Amino acid sequence: MQQLKKTRNIGIIAHIDAGKTTITERILFYTGRSHKMGEVHDGEAIMDWMPEEQERGITITSAVTTCKWLDHTINIIDTPGHVDFTIEVERSLRILDGAIGVFCAVGGVEPQSETVWHQADRYGVPKIAFVNKLDRLGANFNGTARMIRERLGATPLILQLPWGLEEDFKGVIDILKMRAIEWNEDDLGVSFQGSPIPEDYKEEASMYRERMIELLADNDDGIMEKYLSEEEIDTQSIKKAIRQATIKLALVPIFCGAALRNKGIQPLLDGIVEFLPSPLDVPPVKGINPKTKEFESRSATSKESLSSLAFKVAMDQGRRMTYLRIYSGIMRQGSKIYNTTKNITERVARIMRMHANKRERIDQAVSGDIIAVMGLKETSTGDTLCDKDHPIALESMEFDQPVISMAVEPKQLKDQERLLGTLTKVADEDPTFKFIVDEDTGQVIISGMGELHLEVLAQRLKREFFLDVNTGKPQVVYRETISKKAQIETVFDREWGGEMHFAGVTLEVSPMERGKGSRFVNRVSNPLMTEEFIKSVEEGIKEASESGVLMGYPVIDVQTILLDAKVKELFSTALSFKIVASMAYKDACELASPVLLEPIMKVEIIVPEEFVGDVISDLNTRSGRIGQITTKGTVKILAAIAPLSKMFGYSTALRSSSQGRATFTMQFSHYDKA
């Protein structure tokens with residue numbers, strides 16, 4: 001219990017380039033976990049271990065590590081900031097108890113910060129904020145705090161003020177202890193010293209302290225009593241009130257600094273330990289018992305039966321590694337565990353504590369641990385693993401559907417089978433990645449969250465799986481239909497294989513309503529027309545409809561009526577009726593003014609109000625039509641339809657027309673005239 005009380009499971013979330021990985025590197029250095037600070041810009045950050053991350057200077061995959069501070073164990077997940085890798089944030093937040101939101105003092109609350117903050121709100125994750133890069137030109141601490149209130153709907157509790165700004169940034173003013181803190185640059189910020197608050201900051205610091213007490217009084221009755229009776233409020237009571245208000249999601253404590261210049265990290269570590277929840281502070285995890293179908297809960301203790309959630313699957317040197325969060329009970333190496341999601345039993349071969357891509361073997365994991373496990377062959381992201389005698393199914397995760405597709409093919413034909421096997425492995429790792437083999441074109445189509453997502457994936461195929469692939473736009477799969485009614489009589493009378501074959505049909509084809517599908521109707525009264533012959537006519541029509549008369553695409557939405565049939569008792573066969581029906585259908589479609597149909601997509605765009613005009617004008621250039629516009633808070637939701645052929649590259653266009661703040665989803669709606 002004491003160990004759990006001193007455990008913190010936290011994530012670092014932010015927009016791309018706000019400084020998440022830089023902060024994590026400092027945390028690892030100051031806690032003694034690493035002996036050298038890796039820099040993102042040098043491609044040497046410990047947490048950005050993938051070659052693609054080092055080349056681009058961005059985080060692509062969430063990395064897990066563990067460190068110690070003030071006798072507490074802190075499990076940290078460093079998450080990506082790029083919108084294409086939002087799944088990595090989503091699945092990390094699902095299993096975390098607390099989070100640090102990092103904001104650039106120049107950019108303030110940027111688009112992806114909004115997205116990940118709201119993701120954390122959805123899972124009820126308590127947060128503290130760190131305003132970074134106060135040494136940069138254009139840094140604005142108060143503006144960033146105001147944006148946190150306005151854009152994120154959070155109530156900021158300012159615990160630190162910057163001591164100087166831009167090139168004059170020296171350190172921070174601590175509102176809690178009413179002192180100034182300055183870092184020693186000679187030892188990379190390891191040592192720092194407190195001093196009295198400079199005269200020109202005293203008034204501002206007192207004003208912010210008064211505001212801090214007022215906010216806490218609104219949330220804590222004990223502070224309210226002391227505040228109204230004008231008693232001195234001790235620091236311990238203040239810290240306790242901040243902790244409770246943070247865990248209740250009522251307030252967001254705000255720290256500040258400049259991570260790249262090694263300033264502000266140690267007080268942030270104190271804040272993690274003092275204000276973010278332990279596994280004991282968050283409500284017990286809830287799930288459904290698959291046997292009784294009733295809700296059950298598991299409290300965070302090792303005495304409870306085992307419950308854990310798989311939040312990530314990764315391929316490590318060709319072997320499958322599953323990341324788990326243990327919510328209750330104990331998991332031992334070599335033990336058998338039950339996957340309630342798939343109704344199978346798996347064996348835990350090895351348990352590892354991770355430090356980015358390095359690992360340390362452990363014999364067992366207990367409640368509150370975040371670990372990686374080898375040996376789970378079938379488990380995938382979102383699965384619950386528990387004790388078979390006490391089963392529970394925890395709430396799974398919801399994933400966004402892919403919005404962009406690309407065709408891939410191996411450079412060497414012999415690699416086709418291997419490509420499909422490899423893509424299956426990648427899809428196991430990443431629930432936002434999908435692939436299909438298009439039946440119409442034979443192309444392998446991969447789909448993901450954005451162009452960068454697919455680009456990184458194509459690079460991984462080459463680097464990790466030694467598969468050279470060509471990539472290109474997927475072909476749009478069209479359909480054909482007819483636009484008017486037509487009737488035709490066709491006779492098949494031929495010697496074939498030494499035998500005479502005879503059949504005659506009169507067919508009428510007519511267009512049906514779009515999306516209704518095709519239909520066959522028999523209106524023949526000839527008593528010689530057997531059930532077998534009618535079935536053969538239907539088969540012939542079905543086969544002929546698979547390749548149309550314009551460009552060979554399938555024909556849809558056509559009603560075919562068999563009006564009459566000619567039968568010769570000795571010469572009519574099932575085969576002759578199948579052949580004549582196929583010939584008649586093709587000829588009838590040619591007479592019925594055939595047209596080409598293209599796939600139309602249903603598009604939903606969520607966009608801040610100020611960019612609506614630009615987004616609509618861009619959609620108009622893509623032959624898109626707006627159906628309705630609804631308002632939700634500060635954003636507009638546009639429902640539109642647009643042809644798929646015009647939507648390639650749309651994610652990039654949408655980002656540029658909305659400064660990266662708009663998102664969209666796209667799914668097939670119907671076929672319409674091209």
Side-chain angles (χ1 to χ4, degrees), residues 7-12 24 28 33-34 45-50 53 59-68 73-80 85 87-97 279 302 306-339 341-342 344-386 394 396-397 425-431 460 464:
T7 298
R8 300 289 179 272
N9 290 319
I10 62 152
I12 302 188
T24 312
L28 295 178
R33 182 72 223 232
S34 63
I46 294 162
M47 302 301 274
D48 285 352
W49 55 270
M50 284 173 76
E53 293 178 313
T59 303
I60 288 169
T61 178
S62 49
V64 183
T65 189
T66 303
C67 58
K68 298 265 188 199
T73 300
I74 304 174
N75 296 316
I76 304 173
I77 298 185
D78 174 30
T79 65
F85 306 105
I87 173 62
E88 290 287 338
V89 187
E90 180 87 24
R91 55 184 173 189
S92 303
L93 287 169
R94 170 68 179 82
I95 55 99
L96 292 171
D97 301 326
S302 298
L306 174 70
S307 69
S308 63
L309 188 81
F311 68 95
K312 180 174 171 168
V313 174
M315 287 298 163
D316 180 67
Q317 295 163 3
R319 289 197 304 274
R320 193 183 170 96
M321 189 156 67
T322 311
Y323 286 81
L324 304 178
R325 159 76 196 258
I326 312 282
Y327 283 105
S328 63
I330 299 174
M331 183 181 286
R332 292 185 174 85
Q333 184 174 305
S335 63
K336 286 185 175 177
I337 50 174
Y338 178 59
N339 181 328
T341 316
K342 295 203 168 68
I344 52 166
T345 302
E346 300 242 55
R347 189 173 164 276
V348 177
R350 270 185 289 167
I351 303 174
M352 271 120 18
R353 188 163 275 125
M354 299 302 291
H355 177 46
N357 63 334
K358 297 182 179 69
R359 62 186 79 147
E360 167 197 339
R361 278 184 75 164
I362 52 176
D363 295 330
Q364 63 175 39
V366 297
S367 175
D369 280 349
I370 294 175
I371 51 155
V373 169
M374 293 289 215
L376 308 183
K377 293 183 173 67
E378 304 291 329
T379 300
S380 46
T381 304
D383 287 2
T384 302
L385 297 155
C386 61
L394 304 177
S396 194
M397 305 185 201
K425 286 180 185 172
V426 174
D428 277 349
E429 280 186 41
D430 184 350
R460 281 188 61 203
E464 284 177 42

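Worth saying up front: this structure is predicted, and the values here are computed from it rather than measured.
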Item to check | Residue list, side chain to side chain contact (heavy atoms under 4.5 Å, CB included) with Ser367, at least two apart or on another chain | outcome: Leu4, Ala300, Ser302

Checklist outcome for this item: With Thr341 as partner, the option from Leu394, Leu309, Thr379, Thr384 fulfilling side chain to side chain contact (heavy atoms under 4.5 Å, CB included) is Thr384

Next on the checklist: As a quick check of understanding, evaluate side chain to side chain contact (heavy atoms under 4.5 Å, CB included) for Ile326 and Val366, giving each step before the final call.
Outcome noted: CA-CA 7 Å; Ile326 312 282; Val366 297; over 6 Å; no

Next on the checklist: When you measure from the side chain of Asn9 to the backbone of Gly368, do you find a donor-acceptor pair of N or O atoms at a distance under 3.5 Å?
Outcome noted: yes

Checklist outcome for this item: Across all chains, not counting sequence neighbours, the salt bridge (charged side-chain N to carboxylate O under 4.0 Å, His left out) partners of Arg8 are none

Next on the checklist: Give me each pair satisfying salt bridge (charged side-chain N to carboxylate O under 4.0 Å, His left out) with a member in residues 376-386, each pair once, sequence neighbours excluded.
Outcome noted: Lys342-Asp383

Checklist entry - Out of curiosity, Ile371 CD1 to Arg350 CZ, how far, rounded to the nearest 0.5 Å? => result 13.0 Å

Checklist entry - In Å, rounded to the nearest 0.5 Å, how long is the span from CG of Asn75 to CG of Leu96? => result 9.5 Å

Checklist outcome for this item: Residues at least two apart in sequence or cross-chain that pass salt bridge (charged side-chain N to carboxylate O under 4.0 Å, His left out) with Arg353, listed by chain then number, are Asp369

Checklist entry - If every non-hydrogen atom of Gly375 is compared with every non-hydrogen atom of Glu346, which pair is closest and at what distance? => result O-OE1, 4.2 Å

Item to check | By side chain to side chain donor-acceptor pair (under 3.5 Å) - contacts of Gln333 (at least two apart) | outcome: none

Next on the checklist: For Ile351 versus Gln364, what's the shortest heavy-atom pair and its separation?
Outcome noted: CD1-CA, 4.0 Å

Next on the checklist: Please enumerate all residues that pass side chain to side chain donor-acceptor pair (under 3.5 Å) together with Ser308, with sequence neighbours excluded.
Outcome noted: none

Checklist entry - What pairs with Thr322 under side chain to side chain donor-acceptor pair (under 3.5 Å), at least two apart in sequence or on another chain? => result none

Checklist outcome for this item: To the nearest 0.5 Å, atom OH of Tyr338 lies from atom CG of Leu306 at 13.5 Å

Checklist entry - At what distance, to the nearest 0.5 angstrom, does CE of Met331 lie from CG of Leu324? => result 5.0 Å

Checklist outcome for this item: Closest non-hydrogen contact found for Thr381 with Phe311 is CG2-O, 3.5 Å

Item to check | Closest contact, heavy atoms only, Val313 versus Ser380 | outcome: CG2-CA, 3.8 Å

Checklist entry - How far does CG of Leu376 sit from CD1 of Ile337, to the nearest 0.5 angstrom? => result 5.0 Å

Next on the checklist: Can a donor-acceptor pair be found, under 3.5 Å and without considering hydrogens, that links the side chain of Arg359 to the backbone of Met352?
Outcome noted: no

Checklist entry - With sequence neighbours left out, what residues match Lys68 under salt bridge (charged side-chain N to carboxylate O under 4.0 Å, His left out)? => result none

